[in-house]
Amino acid sequence: MKIFVVNAGSSSLKYQLIDMDNEQVLAKGLCERIGVSGGISHKAADGRSYSAETPMPTHSEAFAAVVYALTKSDAAVIGSFDEISAIGHRIVQGGSIFPESCLIDPDVLDKIEQLGALAPLHNPAHVLAIRACIKTFGEKIPQVAVFDTSFHQTMPPKAYMYPLPYEYYEKYGVRKYGAHGTSHRFVSDRVAAIEGKPKKDIKIITCHLGNGCSITAIKDGVCVDTSMGFTPLDGFMMGTRTGTMDPSALTYIAEKENLSPADINRICNKESGMLGISGVSNDNRDVTAAAKAGNRRAQLAVDMQRYEILKFIGSYIAAMNGVDSIVFTGGIGENDPELRKEVCGNLGFIGVAVDDEKNALRGREVKISTDDSRVNVYVIPTNEELVIARDTLEIISKK
Ligand code: AMP
């Protein structure tokens, strides 16, 4: 059975075709510049590839290009789209409405659209993509929504409420929703599988560190707290995002520089974080290389981010009254041994000990803690697409 996984943005569309008989990716690709010009780059699992510049005024033309790539191009992997059993969509914001993945029907689509108020950059694009799928593939093929926020819906109110006047929660749903839930779910499930224990018996802290970063505390098998909040700006310093900081600093700067709320949003989301501090780049590789070459602002950016990661882990150890396993994932978490060593080096007080040789391994699942470490520490490559495909399969199998 083949499942088509879609991760749509307003001008881009990432996809994977997964054979669920063996959970292998058959092909993956990316459409870019939708609405502007249009282009597709597509790769089959056996190494064949196909790319083309082709006009994509809307997501419908992008899906038409994907169908061509999958069925007719030099890198085709299926004879026709009829071979695909269902489509799974990554949806960024499910609010409090969607505690789990679900089949998309007109009511669900309306609700995803309404939740656009909480994720204006993402949900409207998902809606466009779902409608384009209906137009391209017809109503017969089932479509499933898998929400980044669902895994965090188990947080208790004391973790998800902001200490603002209560009316803003009631009127506008202002609270913490979290993000990267699919990734946190995948890697915490892996911990339980690796350790051969029920997840409810393991206190886990999962660190998803990429261009966007979040840390989640998992106790009794469910998320009890997470660092991202009302939007993915919350938490700690990222590639271009501030993470949590004193809001008064922002109102002060807005008054001084005569900035609008939209300006503040742009500065905090796109111009801050590692980029804002280092002045070099938002990319961890560039910033760490500049720091090693003696750039003091780059070194400050590296130091600030690692310090904040450590503080979040420390606060979640306190919140859960302990921790059994810590996971690093995401582009930085999976590939930056120095960050892991520095963060874990400061957790010696709870008996964390990392093996330098194992910590140096890259790109695969590995336990990096020593045999006598009191806490297990892992690097686990995340696989959000596989979670989306598995949920999609499970939901259509129940139909
Ligand atoms: P993601 O958003 O998960 O794709 O992660 C992107 C981040 O991972 C970027 O900041 C990259 O610099 C970082 N990254 C990827 N590969 C490496 C590497 N080999 N060493 C350090 N950072 C890396």
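Note that ligands are numbered from 1 as they come in the structure, with each ligand's atoms numbered from 1 the same way. Every value quoted in this text rests on a predicted model; they were computed, and no experiment measured them.
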Aromatic ring proximity, centroids under 6.0 angstrom, Phe137 and Phe81: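 Yes, close enough.
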
Starting from [atom], which protein heavy atom do you reach first, and at what distance in Å?
atom	value
atom 20 (N) of ligand 1	Asn335 O, 3.3 Å
atom 21 (C) of ligand 1	Asn284 ND2, 3.4 Å
atom 11 (C) of ligand 1	Asp283 OD1, 3.5 Å
atom 7 (C) of ligand 1	Ile332 CG1, 3.7 Å

Qualifying residues under ring-ring contact (aromatic ring centres under 6.0 Å, His included), relative to His42, sequence neighbours excluded: Tyr15

Heavy-atom contacts with Arg362 under 4.0 Å: which atoms of ligand 1 show up? List them by number with element. 18 (C), 19 (N), 20 (N)

For Gly210, counting its heavy atoms only, list the atoms of ligand 1 lying under 4.0 Å from any of them. 1 (P), 2 (O), 3 (O), 5 (O)

Below 3.5 angstrom, do we get any N/O pair linking [X] and ligand 1?
X	answer
Gly331	yes
Asn211	yes
Gly212	no
His208	no

Check Glu271 with Arg266, please: is the shortest side-chain N to carboxylate O separation under 4.0 Å?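 So Arg266 pairs with Glu271 through a salt bridge.
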
Acceptor/donor pairs from residues 167-174 side chains to any protein atom, 3.5 angstrom cut, sequence neighbours excluded:
none

Contact between Leu310 and Arg306 at the side-chain level, heavy atoms closer than 4.5 Å - yes or no?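 In short, these two side chains do not touch, never coming nearer than 4.5 Å.
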
With a 4.5 Å heavy-atom cut-off, do Gln143 and Leu103 have their side chains touching? no

As a test of understanding, state which of Ile91, Ile112, Thr149 forms a side-chain contact (heavy atoms from CB on, under 4.5 Å) with Phe98.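 It is Ile112, the one option of Ile91, Ile112, Thr149 that forms the side-chain contact (heavy atoms from CB on, under 4.5 Å) with Phe98.
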
